[in-house]
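Everything on this sheet refers to the single structure shown next.
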Amino acid sequence: AGEGSTAIGGYTVSAVTYTYSTANPSQISTVGFTLAPAASKASVSLVSGVGGTLQACTGTGPGPTWTAWTCNITGVSVLSANSLRVVASD
């Protein structure tokens, strides 16, 4: 048994890109971004509050941790996107 503590660090999000659906340009289809430091998991939400469902992202390049991320987005229109929330862990 044991107990311990450590500081909780944050991530810097940069180089954010949004891609719109070719079939329906009023919908966001993907979001890309860079994280520092690298993480092993990441998710995003583009709508604040109750409608802000986290959507899983995929790291690009060799793993097991990544700095470049791409997220397939479903059900978010350009008009409803009002924030960018990134949740990441190492």
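Just so we're clear, the structure is a prediction, and the values are computed from it rather than from any experiment. All values below were derived from every heavy atom in this structure, side-chain atoms included, with hydrogens, water molecules and symmetry-related copies excluded.
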For a 4.5 angstrom cut-off between non-hydrogen side-chain atoms, does [X] reach [Y]?
X	Y	value
Cys71	Gln55	no
Leu46	Ile73	yes
Pro37	Tyr11	yes

Is it true that a side-chain atom of [X] and a backbone atom of [Y] form a donor plus acceptor pair closer than 3.5 Å?
X	Y	value
Thr60	Ala68	yes
Trp66	Gly61	yes
Ser83	Arg85	no
Asn82	Ser48	yes
Thr65	Ala39	no

Quiz item: Can you list the steps and then say if Thr30 with Thr19 is a side-chain hydrogen bond (donor to acceptor under 3.5 Å, both in side chains)?
Solution: CA-CA 5 Å; Thr30 61; Thr19 304; 3.1 Å; yes
Quiz item: In the single-linkage hydrophobic clustering (I, L, V, M, F, W, Y; side-chain heavy atoms under 4.5 Å), do Val16 and Ile28 co-cluster?
Solution: yes
Self-check item: Exercise: identify the closest heavy-atom pair between Ser29 and Ser21
Solution: OG-N, 3.8 Å
Exercise. Compare every heavy atom of Ala38 with every heavy atom of Asp90, then report the nearest pair and how far apart it is.
Key: CB-O, 4.5 Å
Exercise. Starting at OG1 of Thr22, measure out to CD of Gln27 and round the result to the nearest 0.5 Å.
Key: 12.0 Å
Quiz item: Say you draw a straight line from CZ of Phe33 to OG1 of Thr70; how long is it, rounded to the nearest 0.5 Å?
Solution: 8.5 Å
Practice problem: Check the pair Leu35, Trp69 against side-chain contact (heavy atoms from CB on, under 4.5 Å), reporting the backbone distance first and the verdict last. | Solution: CA-CA 8 Å; Leu35 282 179; Trp69 292 86; 3.5 Å; yes
Practice problem: Show your working on side-chain contact (heavy atoms from CB on, under 4.5 Å) between Val31 and Thr17 and close with a plain yes or no. | Solution: CA-CA 6 Å; Val31 173; Thr17 61; 6.0 Å; no
Exercise. Let me see the working for Val44 and Leu54 under side-chain contact (heavy atoms from CB on, under 4.5 Å), right down to the final yes or no.
Key: CA-CA 5 Å; Val44 299; Leu54 285 170; 5.8 Å; no
Quiz item: Would Val86 and Leu84 satisfy side-chain contact (heavy atoms from CB on, under 4.5 Å), going step by step from the backbone distance to the final call?
Solution: CA-CA 6 Å; Val86 177; Leu84 173 63; 4.1 Å; yes
